[in-house]
Protein chains: 2
Amino acid sequence: MEEQLDNERVEKIAFVLKTIAHPMRVGIIDLLSRNEKMSVNDITAYLGLEQSLTSHHLANLKMKGVLGSKRDGKNIFYFLKMKEAPEIIKILEDVKVNVF
Amino acid sequence: MEEQLDNERVEKIAFVLKTIAHPMRVGIIDLLSRNEKMSVNDITAYLGLEQSLTSHHLANLKMKGVLGSKRDGKNIFYFLKMKEAPEIIKILEDVKVNVF
DNA sequence: CAAAGGTATGAACATATGTTCATGTAAAAA
DNA sequence: TTTTTACATGAACATATGTTCATACCTTTG
């Protein structure tokens with residue numbers, strides 16, 4: 001049997017999960033798992049959100065190491081950096097949820 | 001290429017992630033992935049928490065379908081119900097996190 | 001049936017998180 | 001060099017979440 005997770009591990013795991021745990025951010029990660037990179041405009045359009053809100057979420061995901069970004073002319077392209085992120089979403093693709 | 005996740009899927013995925021995304025709850029799930037079932041007392045002791053707080057978190061995890069419970073005498077035993085939960089934690093076991 | 005052990009629950013509070021709005025900034029185009 | 005396009009940022013606010021505390025509930029034991 002494997003060892004039990006120590007406190008620091010548990011904290012880090014929860015931290016990453018908290019970072020991803022939002023519909024908008026799950027959507028962004030899903031999008032970026034199908035497209036190598038996307039501009040803020042594209043992401044905003046695909047998800048049908050407001051520019052500012054998208055930016056906030058992207059900044060959040062980047063700050064915490066889930067995404068990276070690179071400017072190209074006027075555009076800034078975001079891309080996946082944490083490979084685990086889409087794997088987690090994949091696992092939950094068919095999950096059943098308790099409605100209440 | 002697989003289809004993009006629809007809104008409902010994304011919402012459900014985020015919902016489950018939000019449910020798990022807390023150090024205490026990650027700890028509980030980890031514990032229950034190594035032990036078929038555990039009483040509230042045992043969980044409380046292992047994690048070194050307060051009884052009431054443990055109860056709140058357990059109730060939360062149960063309500064949302066992650067755990068189940070069964071009374072046996074004075075004790076109430078909790079067990080894993082959502083198989084995806086420990087899988088997610090497993091994926092993140094060695095994840096690197098941005099400190100800031 | 002009273003006491004004790006094991007757990008749940010609700011209210012109150014503190015804190016964290018998400019959203020909007022107004023505005024700022026960098027690069028390209030006119 | 002002004003305007004426009006693309007994006008970032010900060011403040012203010014609203015809402016959600018986590019924790020504590022007091023107390024209630026159910027089961028077994030004496």
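Just so it is clear: chains get the letters A, B, ... in the order the sequence lines come, proteins before strands, and each one is counted from 1.
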Report task. Figure out the CD/P separation between A/E11 and D/dG18, and round it to whole Å. Result -> 13 Å

**Report entry** side chain to side chain contact (heavy atoms under 4.5 Å, CB included) partner of A/M24, chosen from A/L58, A/L49, A/L61
**Finding:** A/L49

Query raised in the report: Would you say the base of D/dC21 and the side-chain of B/S52 have a donor-acceptor pair closer than 3.5 Å?
Result: yes

Query raised in the report: How many Å lie between CE on A/M24 and P on C/dT17, as a whole number?
Result: 16 Å

Query raised in the report: Looking at residues at least two apart in the chain, or sitting in another chain, which of them share a side-chain contact (heavy atoms from CB on, under 4.5 Å) with A/K37?
Result: A/F77, A/F79

Query raised in the report: Under 4.0 Å: is that the gap between some side-chain N or O of A/N75 and OP1 or OP2 of D/dC7?
Result: yes

Query raised in the report: Closer than 4.0 Å, any side-chain N/O of B/K74 to the OP1 or OP2 of C/dT7?
Result: no

Query raised in the report: Any donor-acceptor pair under 3.5 Å joining the side chain of B/Q51 to the base of C/dA8?
Result: yes

Query raised in the report: Considering the options B/L17, B/T19, B/I13, which one meets the side chain to side chain contact (heavy atoms under 4.5 Å, CB included) requirement together with B/F15?
Result: B/T19

Query - Separation of atom NZ in B/K70 from atom P in C/dG6, rounded to whole Å - result: 19 Å

Query raised in the report: To the nearest Å, how far apart are A/N60 CG and C/dG18 C1'?
Result: 10 Å

Requested in this report: Starting from the 5' end of DNA chain C, give me the residue, A/R71 or B/T54, whose nearest nucleotide shows up first.
Outcome: B/T54

Requested in this report: Specify the separation, in whole Å, of atom CG of B/L53 and atom P of D/dT23.
Outcome: 19 Å

Query raised in the report: So, B/K83 and B/E87, do they make that salt bridge, N to O below 4.0 Å?
Result: no

**Report entry** Spacing of A/L47 atom CG relative to D/dC7 atom P, expressed in whole Å
**Finding:** 14 Å

Query raised in the report: Below 4.0 angstrom from OP1 or OP2 of D/dC7, is there any side-chain N or O of A/N41?
Result: yes

Report task. Using atom CG of B/L58 as one end and atom C1' of C/dA8 as the other, report the distance to the nearest whole Å. Result -> 11 Å

**Report entry** Side-chain N,O (B/Y78) to OP1/OP2 (C/dG6) below 4.0 Å
**Finding:** no

Report task. Please figure out whether A/D72 or A/E50 has its closest DNA chain C nucleotide nearer the 5' end. Result -> A/E50

Query raised in the report: Does the aromatic ring of B/H56 sit over the six-membered base ring of C/dT9, closer than 5.5 Å centre to centre and tilted less than 30°?
Result: yes

Query raised in the report: How close or far is atom P of C/dT9 from atom NE2 of B/H57, stated in whole angstroms?
Result: 15 Å

Requested in this report: Examine D/dT19: is either OP1 or OP2 under 4.0 Å from a nitrogen or oxygen in the side chain of B/H22? Give yes or no.
Outcome: yes

Report task. Would you indicate what B/F77 reaches in the nucleic acid, counting non-hydrogen atoms under 4.0 angstrom: base, sugar-phosphate, or nothing? Result -> nothing

Report task. Heavy atoms only: give me the nearest A/V66-A/I29 pair and the separation to one decimal. Result -> CG1-CD1, 4.1 Å

